[in-house]
Structures are given as structure tokens and as C-alpha cells.
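Worksheet: the structure to be examined is printed underneath.
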Amino acid sequence: MSEINVKYGENLRPFPAPATVLDAFKALDRDVLKRTLAAKVNGEQVDLGSSLPETGETVVIEPITSDSDDGLELIRHSTAHLLAAAILDLFPGTKLGVGPALMEDPRYGYYYDIIAPRQLTEADLPVIEKKMKAMAKQNLPYRREIVEKARILDIFEGREEPLKCELISDKVTDTASIYYIDNSPFIDFCLGPHVPHTGKLGAFKLLALSGAYWKGDATREQMQRIYGTAFARQEELDAWLKQREEAEKRDHRKLGRELDLFSISDDYGQGLILWHPKGGVVRMEMERLLREELEQRGYSFVFTPHIAKRALWVTSGHEGNYSDSMYAPTSIEEEEYRLKPMNCPFHIGIYKSSPRSYRDLPQRYSEMGTVYRAELSGTLHGLMRVRGFSVDDAHLFVRPDQVHAEVADCLDFAIKVFDTYGFDKVKFELSVRGGAENKGYLGSDEDWNAAEEQLASALKERGISYERIEGEAAFYGPKIDIKIEDAIGRVWQLGTIQLDFNLPERFELEFTGDDNLKHRPFMIHRALFGSIERFFGVLIEHYAGAFPLWLAPVQVTVLPITDRINEYAEQVADELRRAGFRVESNTRSDKIGAKIRDAQMQKIPYMLVLGDQELENKQVAVRERKQGDIGAMSLNKFKEMITLQKEKRRL
RNA sequence: GCCCAAGUAGCUCAGGGGUAGAGCGCAUCCUUGGUAAGGAUGAGGUCGCGGGUUCAAAUCCCGCCUUGGGCUCCA
């Protein structure tokens with residue numbers, strides 16, 4: 001009888017063969033076994049019930065416990081299988097697609113794609129969930145079997161699972177593993193591993209029903225996707241559900257209405273934003289901050305039209321590559337025009353309007369340029385995905401040797417601005433050429449190498465850690481994408497700094513060098529917010545509608561306790577207005593409690609409660625929206641306090 | 001575009017084959033009250049749009065529109 005040497009942590013111990021992973025843990029560590037769902041054997045994930053390899057070499061085993069990320073993924077994946085098993089039980093004849101765990105999408109934990117004999121509706125979800133709970137209680141084992149390709153195909157053909165057969169044909173060369181759940185009609189073609197039995201599952205919930213295409217391809221089968229989530233423990237699921245509710249409370253569409261910031265009306269068109277006066281204030285402040293920075297950084301301000309001749313879009317390449325997202329042409333005196341989906345060609349027009357010398361570069365043109373894109377109706381979402389929006393756009397026309405410095409300044413700019421809004425977690429991604437497929441990259445290797453090197457060195461010089469992503473560059477140049485994390489941990493892709501070898505070529509841009517020869521400039525597209533509408537949406541959710549003083553649509557509200565005080569209240573309000581603040585006064589005959597409630601719900605940063613005492617002492621009693629009553633002070637002292645806050649753009 | 005759900009007063013929603021309900025908001029009046037809702041009265045709706053069934057449709061059926069959740073982290 002042979003032996004297997006098992007290494008577990010520092011322990012090395014021989015076991016008589018054959019033995020399973022479970023046998024090893026039973027002998028080595030009963031404590032950890034309770035939390036263990038599967039294991040890594042020589043670094044490879046396997047089921048607890050799998051046999052230890054008898055190769056003669058030492059076998060290294062590690063537990064995959066329920067409190068690890070790997071463990072959670074296992075739970076979610078196994079729960080997805082439980083979901084499929086419950087559906088097969090309730091709806092015989094259902095065709096299965098795929099059912100992965102989702103670890104990066106904070107909204108969901110797993111899904112399973114199916115084609116049921118009838119269209120399922122949301123009303124079916126509780127029924128399916130109940131079945132899953134019942135199956136979980138029965139501690140049904142997940143069983144694994146290794147079979148030949150031909151036999152797997154037989155099994156799934158016999159079960160009339162065409163999609164599974166397609167997968168098997170694609171993926172399997174000789175043998176593969178399949179999984180059963182005992183006492184259930186479920187069989188899946190799956191690498192595993194899984195939890196040992198369904199009793200390890202329980203903290204799960206089905207969340208949503210949606211449509212999905214097989215392999216994400218709109219020309220393939222339309223399937224139904226059931227989303228759910230799962231955790232190791234019920235408390236974690238409860239906490240997650242609670243956080244989800246919190247996120248709903250921050251929904252910018254809800255707050256946009258409640259705080260009267262913006263609206264979208266079908267009478268005007270889907271995906272078109274009406275900025276209300278209070279939203280307009282926030283936008284003006286957002287633009288003011290940008291303008292200050294742009295001025296200091298040597299940008300110039302340009303303004304360009306919303307439509308241009310169709311021929312321009314042919315030259316720019318938009319007509320060829322981007323036509324689906326552009327509004328149809330409109331004719332004026334036999335000449336066709338199209339709404340602009342991007343601002344670049346106009347800025348190029350400004351560059352080209354006169355000959356440029358190397359001494360003139362860089363040229364930095366900025367514009368809050370409004371563009372229109374014909375997004376599919378189903379993808380529209382509040383402020384986040386719209387059909388008309390303004391980009392805080394800028395195009396830099398630079399000499400090849402200037403790329404580094406300009407990119408570095410863009411990075412400083414981004415960090416400064418996002419920091420002002422309180423986004424302290426900013427991620428940078430450098431997208432470069434690479435990967436197996438050749439995307440038909442434009443421009444010489446020389447240019448690319450130089451450009452990628454300059455982007456990377458700008459990031460390094462600024463001490464910015466970044467992720468380098470091979471193969472994600474656009475065909476026309478490498479780029480840096482900027483992502484921010486908001487107050488509740490959601491990540492938003494916002495700005496981009498993009499090098500472009502394409503448009504300078506297409507538009508034959510040039511400048512005269514010190515050698516008196518013509519050279520081609522590089523073009524850098526950069527936007528920090530991407531779309532100011534979208535960034536506004538992100539801000540609303542980030543602050544949950546409670547904008548910092550400098551952004552708040554109403555900064556101070558004056559609340560007289562009785563009608564006797566109304567006159568004094570108006571004086572106070574006027575004085576603050578003259579000092580440059582946005583002030584309201586509430587002289588309605590409500591009780592002070594009601595006025596405060598109103599102001600709190602409008603999330604106004606400061607409330608000045610004025611009664612006989614304040615009138616007599618020439619003071620204001622200050623209530624801050626989060627801290628509550630912070631005591632009485634002179635109006636001058638209050639003014640000083642908020643002036644400082646406003647000027648420093650404190651959070 | 002495709003799958004599921006929902007469209008009733010400005011907002012949040014209840015109701016449901018026999019001519020429309022609540023709370024909030026709004027208006028007017030009473031009240032002048034010290035840190036998150038004082039009281040009374042009143043105005044407000046082609047029940048998303050179009051068609052069908054019916055003596056009768058907001059309600060049942062069909063179509064459309066809009067809104068919301070989604071639409072490859074592959075076995």
C-alpha cells in the first residue's frame with residue numbers, strides 16, 4: 001500500500017492511499033473543517049470529496065473557508081446550481097444556459113440563464129426561492145463525475161439541452177467533469193468545485209428577473225436571467241440588503257425630484273435633461289471650479305456649433321464608425337447636416353484656421369460642449385445615460401515632446417478636482433496595445449512606444465499607482481481612464497486622457513518645426529467628468545443630496561419663530577445675500593418645528609432660527625443640518641464662518 | 001432593439017364592471033408656537049394612449065407609448 005505525504009501549513013504527514021481531501025482535514029484540523037467548503041490541492045481548487053493525487057510527490061493542501069473570497073465565490077456558484085435545480089424541479093423541460101458567480105458587480109451575487117417552457121414572471125421568484133430553501137434543508141450532496149466528451153454530449157443531448165451541448169463542443173477536448181445534485185433532476189457541466197452539500201447554503205435571495213441573450217449575442221436565443229445573491233451567513237445577507245436600501249434612498253432620480261434639481265419629460269424626449277433652477281446652481285458651481293482651474297492651467301475657451309455638414313463627419317470618420325449613435329441628417333438648401341456626437345472636429349477646425357509654429361504649441365482648447373447621441377431607449381437611465389449631454393471637453397494639440405508634461409498636468413488637474421469633491425479614492429487605468437488580436441492599430445510602432453512610455457512616465461512621476469491594461473487601447477491611441485469610488489463604495493468611470501494618432505492624420509494637421517519642416521502634432525482628448533449630467537448624478541448620489549455649502553442650491557435659510565420677527569429675518573437674509581450667499585427666508589405662519597423639518601428635508605446646510613432673543617441681542621441662532629443646534633452668534637461671526645467654508649470649498 | 005414589471009391628483013400610493021380615494025404638497029382662514037409635521041376649509045384627476053368586449057370599462061381583452069430592472073465576470 002502506498003502513502004501520500006500531505007503538507008498542511010507547517011505540518012507534514014503521511015496518509016495511506018487512497019484518501020480524500022476530507023480524510024486529510026479530518027485528521028489534521030477538525031476546527032477549520034467546520035468552516036471549510038472545498039480545498040486547494042497544490043494550488044488547484046477541488047471538492048472536499050476528491051481524492052488526493054497519488055503521484056509520489058508531497059501534496060500541499062489548503063482549506064477554502066466560508067469567510068474567504070474564494071469561499072464566497074463557491075457559495076454563490078453553488079447557489080446558482082441550487083437555483084437551476086429548483087427551476088428544473090418546478091418547470092421540467094427548462095433549458096439551461098450558464099450560471100456563474102458574480103464577484104465584482106455589487107448589485108448581484110450570481111445568476112442563471114434559462115429558457116423555461118413558459119415565460120417566467122417576477123411572481124415566480126418567491127416560489128423558486130422557497131423550493132431552493134427546502135432543498136437546502138435536505139443537505140443534498142453535490143456529486144462529481146469525470147466523463148468522456150462523447151458521453152457528456154450523449155447525456156445532454158438526451159436531456160435536450162442544446163445550449164449545454166454547444167458549450168461542451170466548444171470547451172471539451174477529451175474528458176470533463178459533470179455535477180449532480182442528489183434527489184434532483186439537476187445535472188450540470190461544470191468545472192467546480194462546489195460546497196459538499198446544499199445544507200451549506202441558506203443565506204441567499206433571488207433578486208431580479210431579466211432578459212439576456214445566449215452568449216450576449218442579440219442574434220442568438222433570447223433567454224431569461226434570474227439574479228440572486230448569497231452569503232456565508234444570514235447576518236451578511238441582511239446587512240447587504242440594508243445597504244441596498246440605503247443606495248435606493250440616494251437614487252439621483254428620486255432626489256432630483258424631491259430636491260427639485262432636474263426633470264426628464266417624455267413630452268420633450270427621452271434622455272433629454274431639463275435642469276431646474278436648483279440643479280442649475282449646482283452646475284454653475286461645478287463649471288466655476290472648472291473654469292478657475294482651466295484659466296490657471298493655460299487653457300483657452302472656445303465655443304462651437306451643435307451641427308456640422310455631413311462631409312465633416314465623413315472626414316472625421318464618425319460617419320463610418322459611429323453612425324449608429326448619430327442622429328439622422330437634416331437638410332438645408334440641399335446640404336446635409338448632422339448633430340454632433342463629439343466636439344473634436346470643431347476644435348480641429350480652430351487649430352487649422354491658421355498655420356501653426358512649434359512655438360504656438362501646445363494649443364489647449366476647452367469647451368463645455370453639448371453633444372447628442374442616439375442611445376437605445378432601453379439603456380437610458382436618469383442622468384447617467386442620456387441622449388443629449390455636455391462634455392467638459394478639451395483638446396490639446398501638442399508636439400511629440402510635450403506629451404509627457406501635458407499628460408502630467410491633466411493628472412494633477414484631475415486629482416485636484418476630484419479631491420475637491422471629496423472623492424479620495426481615484427483609480428487610474430493605463431490602456432495600451434497588446435493582446436493576441438491586432439485591432440488594426442493606427443500609427444507607427446515608434447509613435448506608440450513613445451506615447452505609451454510618456455503616459456506611463458507621467459503617471460509614475462506623479463506617484464500615481466495605476467493598472468496597466470493590455471489590449472484596451474483604442475485603435476487610434478493609448479489612454480488613461482479615471483475611475484472614482486463614491487461614498488458608498490460604487491465605482492464610476494468618469495474622465496479619460498486619450499492620445500489620438502488618427503484625427504491629426506485624417507485632418508492633415510501640421511505645424512512648422514524649428515527645422516522649418518512640416519510636422520504632425522499629437523492630439524490629446526481629455527475630459528474629467530465625461531458628461532456633466534452624469535457627474536451631477538454621481539454627485540447627487542455621493543452626497544445623498546446634501547451638497548457641501550459651496551455647491552448647495554440654497555446655502556442658508558432664515559426661520560423666524562413668529563411673525564413679529566419677519567422683518568428682522570428679511571434683514572438678515574438680505575445682508576447674507578449681499579455677501580454673496582444663496583439665502584431663502586421662510587416667513588410662513590408655520591411653527592418653528594415644521595420650518596426646520598422642511599429645511600432638513602431640503603438638506604439646506606444652515607438654518608438660522610430667529611426669535612425675540614436673537615432680535616434683542618442682534619444675533620442668529622445657528623442650526624447645522626447634521627450637527628443640529630450649534631448656538632447663537634453674531635451675524636458677522638456666522639458670515640465669517642460660512643465665507644471661509646465656501647471659499648475653501650470645504651466638504 | 002429584446003425579456004420581465006409598472007403606469008390612478010404635483011409626489012407616494014390604495015381601490016377596482018355601475019360615473020374616483022388617502023396621506024403629503026398647494027390655496028385660503030384660524031393659530032404666533034424656541035430646534036424634524038398646530039388646526040379648519042378648499043382647489044386639483046379623460047384612472048398613459050388607441051381599439052375591442054359589454055346596457056355599462058379606470059377596472060376584462062388586444063395593440064401602442066412611457067417609466068423601472070436587466071441584456072456574456074462564459075462550463
Side-chain angles (χ1 to χ4, degrees), chain A residues 73 76-77 80-81 96-105 107-111 113-116 119-125 152 156 161 163-172 176-179 188-192 207-227 251 253-254 257-258 260 263-267 269-271 324 375-382 559-566 587-602 607-614 621-625 627-632:
Chain A
E73 189 165 358
R76 291 181 171 179
H77 179 66
H81 279 211
L96 299 181
V98 296
L102 303 173
M103 297 301 286
E104 277 164 38
D105 189 332
R107 298 169 301 175
Y108 303 112
Y110 56 86
Y111 65 79
D113 284 348
I114 58 157
I115 301 175
Q119 293 284 1
L120 300 186
T121 74
E122 273 161 25
D124 294 314
L125 297 187
I152 309 184
F156 284 96
E161 290 276 20
L163 301 177
K164 286 287 180 196
C165 289
E166 186 181 328
L167 272 185
I168 294 159
S169 302
D170 289 353
K171 304 276 176 186
V172 180
S177 60
I178 59 174
Y179 276 84
D188 205 351
F189 159 62
C190 182
L191 287 172
L207 299 168
L209 177 69
S210 79
Y213 295 104
W214 175 238
K215 294 185 171 172
D217 181 347
T219 64
R220 295 297 308 267
E221 290 84 345
Q222 169 81 46
M223 310 188 71
Q224 286 192 296
R225 173 169 297 179
I226 297 177
Y227 281 102
D251 190 308
R253 294 163 299 182
K254 182 171 177 287
R257 195 183 322 104
E258 287 170 3
D260 200 13
S263 61
I264 304 170
S265 162
D266 183 47
D267 295 339
Q270 293 175 262
D324 286 350
E375 303 287 356
L376 292 180
S377 60
T379 64
L380 299 176
H381 179 91
L559 309 176
I561 291 168
T562 73
D563 290 351
R564 288 191 300 284
I565 312 296
N566 283 356
T587 53
R588 306 169 54 131
S589 64
D590 285 328
K591 288 170 80 162
I592 190 65
K595 292 184 183 183
I596 287 170
R597 184 166 191 274
D598 278 355
Q600 286 286 157
M601 298 217 299
Q602 285 299 304
M607 292 154 249
L608 299 182
V609 177
L610 304 184
D612 291 327
Q613 285 171 41
E614 285 72 25
V622 182
R623 182 187 165 99
E624 199 273 341
R625 70 183 158 198
Q627 299 168 59
D629 190 352
I630 57 174

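Chain A is the first sequence line, chain B the second, and so forth, proteins listed ahead of strands; every chain is numbered from 1.
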What nucleic acid atoms does [X] come within less than 4.0 Å of, heavy atoms only: base, sugar-phosphate, or nothing?
X	result
A:Arg220	nothing
A:Gln600	base
A:Tyr110	nothing
A:Glu221	nothing
A:Val609	base
A:Ile592	sugar-phosphate
A:Gly611	base
A:Ala101	sugar-phosphate
A:Asp590	base
A:Asp113	nothing
A:Glu258	nothing

With the criterion being N/O to N/O and under 3.5 Å, what pairs connect the protein with nucleotides 62-66 of chain B, and how long is each?
{"unit_1": "B:rU66", "atom_1": "OP1", "unit_2": "A:Gln270", "atom_2": "OE1", "d": "3.0"}

Worksheet entry | All salt bridge (charged side-chain N to carboxylate O under 4.0 Å, His left out) counterparts of A:Arg564, not counting sequence neighbours | A:Asp612

Item to complete: Taking salt bridge (charged side-chain N to carboxylate O under 4.0 Å, His left out) as the test, write out the residues that go with A:Lys591, two or more places apart.
Response: none

Kindly indicate whether the side chain of [X], heavy atoms from C-beta on, has any atom under 4.5 Å from the side chain of [Y].
X	Y	answer
A:Tyr213	A:Gln222	yes
A:Gln270	A:Glu375	no
A:Leu163	A:Ile115	yes
A:Asp124	A:Leu209	no
A:Leu380	A:Ile264	no
A:Val622	A:Leu608	yes

Roughly, in whole Å, what's the span from [atom1] in [X] to [atom2] in [N]?
X	N	atom1	atom2	answer
A:Gln222	B:rC71	CD	C1'	7 Å
A:Arg564	B:rG34	CZ	C1'	11 Å
A:Leu559	B:rA36	CG	P	12 Å
A:Leu167	B:rU72	CG	P	16 Å
A:Glu375	B:rC71	CD	P	15 Å
A:Asp563	B:rC30	CG	C1'	12 Å
A:Leu380	B:rC2	CG	P	15 Å
A:Leu608	B:rU35	CG	C1'	13 Å

Fill in: Nucleotide of B:rG69, B:rC3, B:rG33 approaching A:Gln119 most closely (side-chain heavy atoms)
B:rC3

Worksheet item: Below 4.0 angstrom, N of the basic side chain to O of the carboxylate: do A:Lys215 and A:Asp217 qualify?
Response: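 Salt bridge flag = no for A:Asp217 with A:Lys215.
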
Does [X] put a side-chain nitrogen or oxygen below 4.0 Å from OP1 or OP2 of [N]?
X	N	result
A:His381	B:rG69	yes
A:Arg257	B:rG10	no
A:Tyr111	B:rC73	no
A:Arg225	B:rC3	no

Discussion item. Dot-bracket, 5' to 3', for RNA chain B please: Watson-Crick or G-U pairs under 3.5 Å, [ ] where pairs cross earlier ones, | where the partner sits on another strand, dots elsewhere.
Written reply: ((((((((.[[[[.)..(..]]]].(((((.......))))).....[[[[[..)....]]]]])))))))....

Item to complete: Only counting residues at least two apart or in another chain, list the ones meeting side-chain contact (heavy atoms from CB on, under 4.5 Å) with A:Gln600.
Response: A:Ile596, A:Met607, A:Arg623, A:Arg625

Could you run down the sub-3.5 Å N/O contacts of the protein with nucleotides 22-29 of chain B?
{"unit_1": "B:rC26", "atom_1": "OP1", "unit_2": "A:Arg588", "atom_2": "NH1", "d": "3.1"}

Worksheet item: Considering heavy-atom distances to RNA chain B, does A:Leu120 or A:Lys595 have its closest nucleotide positioned more toward the 5' end?
Response: A:Leu120

Worksheet item: Of A:Ser210 and A:Glu614, whose nearest nucleotide on RNA chain B comes first from the 5' end?
Response: A:Glu614

Worksheet entry | Chi-angle category of B:rG42 [syn within 90° of 0, anti beyond] |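 You should classify B:rG42 as anti.
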
Worksheet entry | Plane angle bin for A:Tyr227 and A:Tyr111 - parallel if under 30°, tilted between 30 and 60°, otherwise perpendicular | perpendicular

